[in-house]
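Have a look at the structure below, then the notes.
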2 protein chains.
Amino acid sequence: MSGITIRDVAEAAGVSLASVSRALNGGKNVSARVARDVAAAADRLGYQPDFLARSLRTRTSGMVGCLVSDISNPLNATIVKAAEARLREAGYLLVVASTANDPGRERAAASEFRGRRVDGMLVAPGSDANAKAWRALVAAGTPVVIVDRDVPEADDGADNDTDGWPSVQVDHRGGARAATRYLIGLGHRRIALLTADAVMRPSRERIAGFREVFAEAGLDPTGAQLCLQSSAMDFAHGDTLALLGDGKDGGRPTAIIALGTRILAGVLRAARDLGLAVPRDLSVMSVGDTDLAAVHTPAITALRWSLEDVGRAAADLLLHRLGGDAGQAQSRALLPVDLVLRDSCAPPAVV
Amino acid sequence: MSGITIRDVAEAAGVSLASVSRALNGGKNVSARVARDVAAAADRLGYQPDFLARSLRTRTSGMVGCLVSDISNPLNATIVKAAEARLREAGYLLVVASTANDPGRERAAASEFRGRRVDGMLVAPGSDANAKAWRALVAAGTPVVIVDRDVPEADDGADNDTDGWPSVQVDHRGGARAATRYLIGLGHRRIALLTADAVMRPSRERIAGFREVFAEAGLDPTGAQLCLQSSAMDFAHGDTLALLGDGKDGGRPTAIIALGTRILAGVLRAARDLGLAVPRDLSVMSVGDTDLAAVHTPAITALRWSLEDVGRAAADLLLHRLGGDAGQAQSRALLPVDLVLRDSCAPPAVV
DNA sequence: CCGCTTGTTGAAATCGTTTCCATGATCCTT
DNA sequence: AAGGATCATGGAAACGATTTCAACAAGCGG
């Protein structure tokens with residue numbers, strides 16, 4: 001290690017430990033001479049403060065914990081990256097834990113973060129079931145920002161904070177509404193939404209928006225078909241084949257909205273296997289603007305939202321809290337979703 | 001915070017601080033009665049040790065720093081995730097810093113890691129220029145494992161360690177050789193390699209393997225065309241158009257080896273723009289087995305290596321070091337690259 | 001029964017930093 | 001010029017753990 005401590009600097013500069021600390025930190029109540037000597041000595045010796053000792057004394061670790069299901073998912077990774085950059089600017093270190101949506105690992109990670117005295121946390125729980133663990137953290141005084149998740153209100157009437165937790169959320173409902181309206185506008189009446197299990201907020205909101213539009217348009221609600229993927233085993237390839245193959249419930253869907261790279265890939269492969277041309281025989285839309293969607297032939301119309309904005313907003317919200325601002329105002333952010341029109345959607349073939 | 005310290009536990013259990021520490025940690029030289037009482041008291045009070053204080057005393061932070069160019073790159077993210085899982089098992093916390101290959105940020109991050117007293121580091125420098133910074137760290141006693149990078153020998157003759165640094169590397173050269181041999185075996189004589197700037201090991205090794213095979217086969221070396229991408233602005237789309245458009249140097253290449261999702265995407269789009277069918281008019285191979293390669297029509301033959309293995313091996317190597325094993329043996333790992341045959345390569349059309 | 005080893009225990013030192021407090025010194029005001 | 005206010009400074013007490021060391025009890029062979 002560095003080996004040289006504040007004590008060495010003090011001796012070299014011929015002042016006391018307290019003066020060195022003051023000179024290097026606040027600079028308040030410190031004479032110009034001492035400031036100069038200390039800076040010179042520190043520089044000459046290559047002094048580097050020990051964060052551990054400092055943290056122990058000040059009770060702030062300068063670390064922010066980030067709990068995310070899977071860091072190797074590019075969507076998550078992009079969010080984390082943006083948040084890390086913002087936090088780094090503010091002098092914080094981001095530590096991430098991949099939890100694979102396993103409640104046990106989530107709890108363990110949260111507990112470890114707590115033991116390491118993180119100053120705050122960015123969390124995206126795998127499901128709402130773990131909300132109590134987060135509540136315990138918050139009760140312990142650790143600021144927590146929820147990222148694109150819902151946390152149900154406490155079931156014990158004791159501490160029901162009416163306004164909920166600080167959070168950054170994406171307007172998946174609005175995006176789904178726009179997408180559905182667009183397809184209906186093209187003439188589609190049977191649309192399938194392939195998304196993840198409804199245990200998390202994004203899928204729940206998407207489904208809600210999807211159905212809302214059908215209801216508002218006064219269309220046959222059975223035309224809004226859901227296909228939920230609990231685990232992307234074959235990336236929805238089999239499900240899509242089944243969906244497109246037979247004509248149950250009044251015929252196969254003429255349009256599919258698919259979540260993410262892998263499900264989208266499964267859908268495209270299934271369409272190819274069945275000899276269905278996109279967009280002539282089948283319109284396809286991607287939820288999330290991935291490389292695959294942008295580059296595929298034909299290019300896939302997609303719902304896009306800025307992952308960087310999500311990460312930045314989450315970091316800002318947390319920094320706000322860490323800055324002592326416990327004000328309830330601006331404790332929630334809702335980010336927009338855009339519809340990027342490309343070549344993969346067209347009016348359905350006449351029935 | 002937790003609020004309750006080892007002192008509270010000591011009082012509750014009616015023993016001294018030292019006994020509590022012994023009981024909770026080693027358990028050596030502790031009577032059954034004390035062990036029981038301490039465990040009970042700690043449990044009842046919900047005691048959670050303070051990592052900061054512990055670290056300060058023991059001089060080990062239990063943290064491992066990871067320096068990577070861009071965590072939002074799925075390849076890097078996968079490596080990091082695997083390493084994190086392995087390190088977590090061993091009780092270490094992984095902290096990552098994205099450096100965007102900016103030497104300044106790399107240095108800053110390394111310095112910060114050092115200040116936070118990380119026990120070790122996993123680094124993939126953006127270029128070899130920063131090697132000196134890493135050397136300084138190693139000289140300071142921090143174990144460092146290099147991930148898929150080369151670090152040149154010190155230019156000052158003083159401390160030239162003959163065996164280099166512990167590192168995990170991927171056999172990109174072998175992979176490139178296999179790929180090139182395969183294409184040559186199909187009859188190709190003009191092959192283009194589109195890869196990244198040669199500032200880092202993977203590209204350098206690939207280029208070397210690529211050329212070696214041409215030389216060994218006694219083929220016209222001008223058939224081995226290089227196209228280096230310093231920044232993937234248009235994802236090599238323009239370069240590919242130029243490459244395939246005219247017939248300089250004895251004709252356009254009949255096969256292209258493209259690095260990663262984005263360059264591959266650019267190549268495929270360019271081929272489409274020029275009306276070249278894959279693999280009839282142009283054979284295409286991907287370096288790295290991405291979603292796009294697996295899902296494209298036709299499916300793209302790819303060079304694949306296990307990113308999880310890279311992460312795991314790096315973690316293991318570092319853990320080995322941290323375990324006190326400074327033995328030079330097994331300080332370097334070389335991971336294999338496989339050629340995954342799919343449908344995107346065929347013998348070239350007769351000239 | 002004595003001396004020696006083995007095993008438990010608690011008081012105190014330590015890690016490197018920040019911060020409280022007392023002590024002078026300087027300066028300004030009346 | 002005396003008295004109070006402000007400021008720079010160093011000694012020492014935290015922060016919460018681990019670890020050394022000495023003390024003491026018990027077991028045991030001779």
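Just so we're on the same page: letters track the sequence lines, and every chain starts at 1.
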Item checked: Between dA17(D) (P) and Arg57(A) (CZ): distance, integer Å -> 15 Å
Check residues 84-91 of chain B and write down every donor-acceptor pair under 3.5 Å in which the side-chain atom is one partner and the other belongs to a residue at least two apart or another chain.
from	atom 1	to	atom 2	distance (Å)
Glu84(B)	OE1	Ser98(A)	N	3.3
Glu84(B)	OE2	Arg88(B)	NE	3.1
Glu84(B)	OE2	Arg88(B)	NH2	2.9
Arg86(B)	NH1	Asp316(B)	OD1	2.9
Arg86(B)	NH1	Asp316(B)	OD2	2.8

Notebook entry, point to check: If the sugar-phosphate is the primed atoms plus P, OP1 and OP2 and the base is the rest, what is the B/S/- string for nucleotides 4-11 of chain C, using protein heavy atoms under 4.0 Å?
Noted result: ----BBBB
Check: Which atoms form the tightest heavy-atom contact between Val34(A) and Ser19(A), and what is the distance?
Finding: CG1-CB, 4.2 Å
Margin query: Taking 4.0 Å as the cut-off, does a side-chain nitrogen or oxygen of Thr5(A) come that near to OP1 or OP2 on dG16(C)?
Written below: no
Next item on the list: Return the minimal non-hydrogen interatomic distance between Asp150(A) and Gln169(A), and the atom names on each side.
Entry: OD1-NE2, 3.3 Å
Notebook entry, point to check: When the distance from CG of Leu52(B) to C1' of dC15(C) is rounded to whole Å, what number comes out?
Noted result: 13 Å
Note to self: Testing the basics here: between Asp119(A) and Leu322(A), what is the closest heavy-atom pair and its distance to 0.1 Å?
What the structure shows: O-CD2, 3.2 Å
Item checked: Side-chain N or O of Arg54(A) closer than 4.0 Å to phosphate OP1/OP2 of dT18(C) -> yes
Next item on the list: Locate the shortest heavy-atom distance separating Val168(B) from Ala313(B); write the atom from each residue and the value.
Entry: CG2-C, 3.7 Å
Item checked: Arg54(B) to Phe51(B), cation-pi by 6.0 Å centre distance and 45° axis angle -> yes
Item checked: Shortest side-chain distance from Ile6(A), nucleotide among dT17(C), dG16(D), dC15(C) -> dT17(C)
Next item on the list: Determine: side-chain N/O of Ser55(B) to OP1/OP2 of dC15(C), distance under 4.0 Å, yes or no.
Entry: no
